[in-house]
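Reviewing the structure listed below.
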Amino acid sequence: MKHDLKGIIPPLVTPFTADETIDEAALRANVRFMMRKGVHGICLGGSTGEGHTLSTEELARSIEIACEEVDGSIPVVAGIIANSTRKAIEMATAVSKFDVAALQVTPVHYVFKPDDDATYAHFKRMTEAVDLPVLIYNVVPWNYLSPKLLVRLMEGLPGIIGVKQSAGDLKLMADLMISIPEGKLVFTAVDALLYASFAMGAHGTIAANPAAVPGVCVTLWNAVQAGDHAKAQEIHRALLRFWNTIFADNLPANVKYVLSKQGVPSGLPRMPMPVTSAEQAARIDVELAAVLKYDETEATPMQKAG
């Protein structure tokens with residue numbers, strides 16, 4: 001693998017204009033913001049980026065823009081949320097022409113759940129068709145892959161380099177951490193428990209909190225790597241209170257709102273997702289001001305105003 005994947009890898013929002021097209025200037029501004037915050041990589045087309053609403057062409061263009069902006073300085077991960085092996089390969093092929101470090105791929109997520117063998121066949125076909133490393137995005141509640149199946153996939157398919165665990169059950173992550181094959185990666189998307197995940201040895205995170213407050217998450221990561229657990233626990237408490245205000249069915253919209261409060265244009269969500277409500281904004285503002293105190297990177301407009 002030509003890129004070293006670790007640490008804080010925010011899944012960027014996809015800024016949409018009022019007519020629901022991608023605001024490319026705003027997307028570039030988001031990439032630059034993340035780089036100023038010292039993140040270790042970025043992801044496009046994930047859940048926070050409303051990747052389930054993107055066409056193949058839109059995903060490819062987003063990846064192209066991101067690769068232009070980072071210019072090889074940090075890895076770019078392409079998220080693929082698709083309901084068939086054919087569609088997943090189509091999207092993967094479209095982004096493979098760019099400098100992509102890895103693909104973040106969901107299991108099939110529509111009503112009909114494939115069994116373990118069918119899921120294995122899905123990822124086998126993908127990794128044979130496209131010469132890019134794959135991180136399994138283990139997020140779909142009704143098709144959540146067990147640690148046993150994940151280990152089978154990682155042992156049997158060399159193209160699979162690891163998994164992003166997204167359920168709130170830290171026991172499942174702990175079981176995975178002690179059973180993964182050597183050299184494979186586990187990223188956490190358990191936003192409420194990033195500190196605990198890092199302390200258990202997760203290789204990094206691709207999650208909504210880093211997309212919203214990347215500087216805070218970089219500070220948390222650095223504290224854990226330095227063994228400063230008192231500081232890390234303090235950040236964890238503030239980050240958890242913040243997370244509790246943005247976690248909702250319109251989470252991507254709330255992340256966009258948080259970014260706008262930090263001076264980053266992030267556009268609108270795609271319908272039918274609603275924008276952040278006034279009630280949500282009032283709760284978010286309080287905890288955002290509190291958590292941004294732990295951002296040790298450049299000051300944001302909100303921090304300067306405070």
Residues Glu296 and Lys231 bridged, charged N to O under 4.0 Å: yes
Flag the pair Phe247 / Asn254 as yes when at least one side-chain heavy-atom distance between them is below 4.5 Å, and no otherwise. no
Considering all heavy atoms of both residues, which atom of Ala60 and which atom of Val95 are nearest to each other, and what is their separation? CA-CG1, 4.1 Å
Honestly curious: do Val139 and Ile206 fall in one hydrophobic cluster under the side-chain, below-4.5 Å linking rule? no
Contact check, side chains of Leu292 and Gln262, non-hydrogen atoms, under 4.5 Å: yes
Does Arg125 have more than 12 heavy atoms from other residues, nucleotides or ligands lying within 6.0 Å of its CZ? no
Please report the shortest heavy-atom distance between Glu50 and Pro252, naming the atom on each side. CG-CB, 3.9 Å
Evaluate Glu64 against Lys97 for salt bridge (Lys or Arg N to Asp or Glu O under 4.0 Å), listing each step before the verdict. CA-CA 9 Å; Glu64 182 178 19; Lys97 68 182 75 171; over 6 Å; no
Quick one: are Ile9 and Ile74 in side-chain contact, heavy atoms under 4.5 Å? no
Sub-3.5 Å donor-acceptor pair from the side chain of His109 to the main-chain atoms of Val140, do we have one? no
Could you walk me through whether Leu288 and Phe242 pass the side-chain contact (heavy atoms from CB on, under 4.5 Å) check? CA-CA 6 Å; Leu288 177 59; Phe242 167 73; 3.9 Å; yes
Any donor and acceptor pair, going by atom type alone, linking the side chain of Asn138 with main-chain N or O of Gln165 inside 3.5 Å? no
Flag side-chain contact, heavy atom, 4.5 Å: Arg270 against Leu54: yes
Interatomic distance, OG1@Thr106 vs CG@Asn83, rounded to 0.5 Å, equals 7.5 Å
Given 3.5 Å as the limit, does a donor-acceptor pair link the side chain of Thr14 with the main chain of Gly49, or not? yes
Shared ILVMFWY cluster between Val108 and Leu103, side chains joined below 4.5 angstrom? no
Do NZ/NE/NH1/NH2 and the carboxylate oxygens of Asp116 and Lys148 come within less than 4.0 Å? no
Spell out, as yes or no, whether a donor-acceptor pair under 3.5 Å connects the side chain of Thr276 to the backbone of Ala253. yes
Hey, are the side chains of Leu194 and Val190 touching, using non-hydrogen atoms and a 4.5 Å cut-off? no
Hey, does Phe33 have a side-chain heavy atom less than 4.5 Å from the side chain of Val39? no
Leu259 and Asn30: side-chain contact (heavy atoms from CB on, under 4.5 Å), yes or no, with the steps? CA-CA 9 Å; Leu259 290 166; Asn30 269 266; 3.4 Å; yes
Sidechain-backbone polar pair: Thr21 side chain, Thr17 backbone, donor-acceptor under 3.5 Å: no
Can you check side-chain contact (heavy atoms from CB on, under 4.5 Å) on Thr119 and Leu145, steps first, answer last? CA-CA 9 Å; Thr119 296; Leu145 308 189; 4.1 Å; yes
Counting only heavy atoms from other residues, nucleotides and ligands, does the tally under 6.0 Å from CG of Asp131 exceed 12? no
Residues that Tyr195 engages under ring-ring contact (aromatic ring centres under 6.0 Å, His included), provided they are two or more places apart: His229
Side-chain heavy atoms of Val76 within contact of Val70, under 4.5 Å: yes
What is the distance from atom CE of Met173 to atom CG of Leu176, rounded to the nearest 0.5 Å? 7.5 Å
Do the side chain of Asn143 and the main chain of Pro107 share a donor and acceptor less than 3.5 angstrom apart? no
Between Glu90 and Thr56, do the side chains contain an N or O donor and an N or O acceptor separated by less than 3.5 Å? yes
Does atom NZ of Lys184 have more than 12 heavy-atom neighbours from other groups under 6.0 Å away? yes
Is there a donor-acceptor pair closer than 3.5 Å between any side-chain N or O of His203 and the backbone N or O of Phe187? no
Between Asp228 (side chain) and Ala223 (backbone), is there a donor-acceptor pair under 3.5 Å? no
Less than 4.0 angstrom from a charged side-chain N to a carboxylate O is my criterion; do Arg152 and Asp117 meet it? yes
Backbone of Tyr294 reached by a side-chain donor or acceptor of Thr219 within 3.5 Å: yes
Could you report the tightest heavy-atom contact between Gln104 and Gly46, atom names first, then the distance? NE2-CA, 4.0 Å
Does the side chain to side chain donor-acceptor pair (under 3.5 Å) test come out yes or no for Asp285 and Tyr257, once each step is laid out? CA-CA 10 Å; Asp285 287 351; Tyr257 172 77; 2.7 Å; yes
Would you call Glu279-Arg283 a salt bridge at under 4.0 Å N-O? no
Run the side-chain contact (heavy atoms from CB on, under 4.5 Å) check on Ile136 and Leu150 step by step: do they pass? CA-CA 8 Å; Ile136 296 173; Leu150 289 167; 4.0 Å; yes
Gap separating the CD atom of Glu58 from the OG1 atom of Thr53, nearest 0.5 angstrom: 7.0 Å
Joint hydrophobic cluster, Met91 plus Ile42, side-chain heavy atoms closer than 4.5 Å: yes
Salt bridge (Lys or Arg N to Asp or Glu O under 4.0 Å) between Arg28 and Glu69, worked out: CA-CA 7 Å; Arg28 291 183 187 276; Glu69 290 296 328; 2.8 Å; yes
Do Met200 and Leu172 share a hydrophobic cluster, counting only Ile, Leu, Val, Met, Phe, Trp and Tyr and linking them when any side-chain heavy atoms are less than 4.5 Å apart? no
Could you note down all residue pairs passing ring-ring contact (aromatic ring centres under 6.0 Å, His included) where residues 118-150 supplies at least one of them, sequence neighbours left out? none
Looking only at heavy atoms, the pair that brings Ala211 and Thr48 closest together is CB-CG2, 4.0 Å
Mind checking whether Leu44 and Leu27 have side chains closer than 4.5 Å, heavy atoms only? yes
Hey, is the main chain of Ser266 close enough, under 3.5 Å, to the side chain of Asp23 for a donor-acceptor pair? no
Donor on one side chain, acceptor on other, Asp71 and Ser73, under 3.5 Å: no
Restricting to non-hydrogen atoms, name the atom on Ile81 and the atom on Gly45 that form the minimum distance, rounded to 0.1 Å. CD1-O, 3.8 Å
Here the gap from Leu239 atom CG to Asp191 atom CG, rounded to the nearest 0.5 Å, amounts to 8.0 Å
Rounded to the nearest 0.5 Å, how far apart are CG of Leu185 and CE of Met154? 9.0 Å
Are Ile160 and Met177 connected in the hydrophobic side-chain network, where two residues link if heavy atoms are under 4.5 Å apart? yes
Using 0.5 Å steps for rounding, measure from the CD1 atom of Ile161 to the CG atom of Leu5. 5.0 Å
For Gln280 and Val275, which heavy atoms make the closest approach, and how far apart are they? OE1-O, 4.3 Å
